[in-house]
Protein chains: 2
Amino acid sequence: MARMEKSEILKIIGQNIKRIRLEKGLTQVDLVGKIEAQIDTTNISRIEKGRTNATIHTLFRISQALEVPLSEICKLN
Amino acid sequence: MARMEKSEILKIIGQNIKRIRLEKGLTQVDLVGKIEAQIDTTNISRIEKGRTNATIHTLFRISQALEVPLSEICKLN
DNA sequence: TCTTGACTTGTCAAATATGGCAAGAATGGA
DNA sequence: TCCATTCTTGCCATATTTGACAAGTCAAGA
């Protein structure tokens, strides 16, 4: 893995989430509705846009709602 | 992926990191020495023990130092 | 144009990750 | 046992994520 800026990896992960979410035909509201603990579309949006450096547990909850492995969201290529 | 407690996924990810680090024959000090930006063995230890809910960027830097894909560290099975 | 749904962004408070240091525990070897 | 190395943990200050709400943007249609 080549050197990558923080902003770059956050952007890729955000794109992964957005892509998978759209593939499943879900809106952000649908997504948070499927997440067990409380989470907000605000946060989803910021993560999808790469504006926030999410914790692994938040990404895990998203992966559960999307029904994909956490590692799928964390692919950088 | 079955329901999993936050503490459980943090523990698994920590074990992944520790396992890979040991496979590479690295100490925590070696590891931080390979990481570009500053990071502390304190933090590595806390992550390996599952005591902290690391951000994805921190895990990414660790994956770079370990020379494995980020997704490898994020495997939960 | 107006409306609706979907998303983004600003701000706030609370919680917590991070970096840093120091002290303590654990481990293995001489 | 003593020592050195490695790792863990407590504490602190700072930065940032998170949840929450409100307001703004944007696109598609009627």
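Values in this document were obtained by computation on a predicted structure and should not be read as measured data. Here is how names work: the chains are called A, B, and so on, in the same order as the sequence lines, proteins then strands, and each is numbered from 1.
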* Minimum-distance nucleotide (side-chain atoms of Lys18(B) versus dT17(D), dT8(D), dC7(C)) -> dT8(D)

* Structure fact -> Closest of dT18(D), dT8(C), dT18(C) to the Thr58(B) side chain is dT18(C)

* Asked: Below 4.0 angstrom from OP1 or OP2 of dT5(D), is there any side-chain N or O of Gln28(B)?
  -> no

* State whether Arg21(B) places a side-chain N or O below 4.0 Å from either non-bridging phosphate oxygen (OP1 or OP2) of dC7(D). => yes

* To do: Would you kindly check whether a donor in the side chain of Arg46(A) faces an acceptor in the base of dT11(C), or vice versa, at under 3.5 angstrom?
  => yes

* hbond_proxy Thr27(B) side chain to dC7(D) base (donor-acceptor, 3.5 Å cutoff) -> no

What is the distance, to the nearest angstrom, from the [atom1] atom on [X] to the [atom2] atom on [N]?
| X | N | atom1 | atom2 | answer |
| --- | --- | --- | --- | --- |
| Lys11(B) | dT8(D) | NZ | C1' | 15 Å |
| Arg51(B) | dA15(C) | CZ | P | 21 Å |
| Arg61(A) | dT17(D) | CZ | P | 15 Å |
| Leu26(B) | dT6(D) | CG | P | 11 Å |
| Asp30(A) | dG5(C) | CG | P | 13 Å |
| Lys6(B) | dT17(D) | NZ | P | 15 Å |
| Asn43(A) | dT17(D) | CG | C1' | 7 Å |
| Ile17(B) | dC7(D) | CD1 | P | 14 Å |

* Asked: For Thr55(A), which contact category applies under a 4.0 Å heavy-atom criterion: base, sugar-phosphate, or nothing?
  -> sugar-phosphate

* Asked: What is the nucleic acid contact for Ile44(A), judged by heavy atoms within less than 4.0 Å: base, sugar-phosphate only, or nothing?
  -> nothing

* Is atom CD of Glu23(B) surrounded by more than 12 heavy atoms (other residues, nucleotides or ligands) closer than 6.0 Å? -> yes

* To do: Using the closest heavy atom to pick a nucleotide of DNA chain C for each, name whichever of Asn53(B) or Asp40(B) lands nearer the 5' end.
  => Asn53(B)

* Evaluation steps, side chain to side chain contact (heavy atoms under 4.5 Å, CB included), between Thr58(A) and Ile56(B) -> CA-CA 10 Å; Thr58(A) 297; Ile56(B) 196 66; over 6 Å; no

* Asked: Given that Ile47(A) and Thr42(A) both sit by DNA chain D, which one's nearest nucleotide is further toward the 5' end?
  -> Ile47(A)

* Please name the pair of heavy atoms, one in Ile73(B) and one in Asn16(B), separated by the smallest distance, quoted to 0.1 Å. => O-ND2, 2.8 Å

* Taking Glu48(A) as the fixed residue, which of Gln15(A), Lys11(A), Gln28(A), Lys18(A) is the one that meets the side chain to side chain donor-acceptor pair (under 3.5 Å) rule? -> Gln28(A)

* Asked: Between the side chain of Arg21(A) and the main-chain N/O of Leu26(A), is any donor-acceptor distance below 3.5 Å?
  -> yes

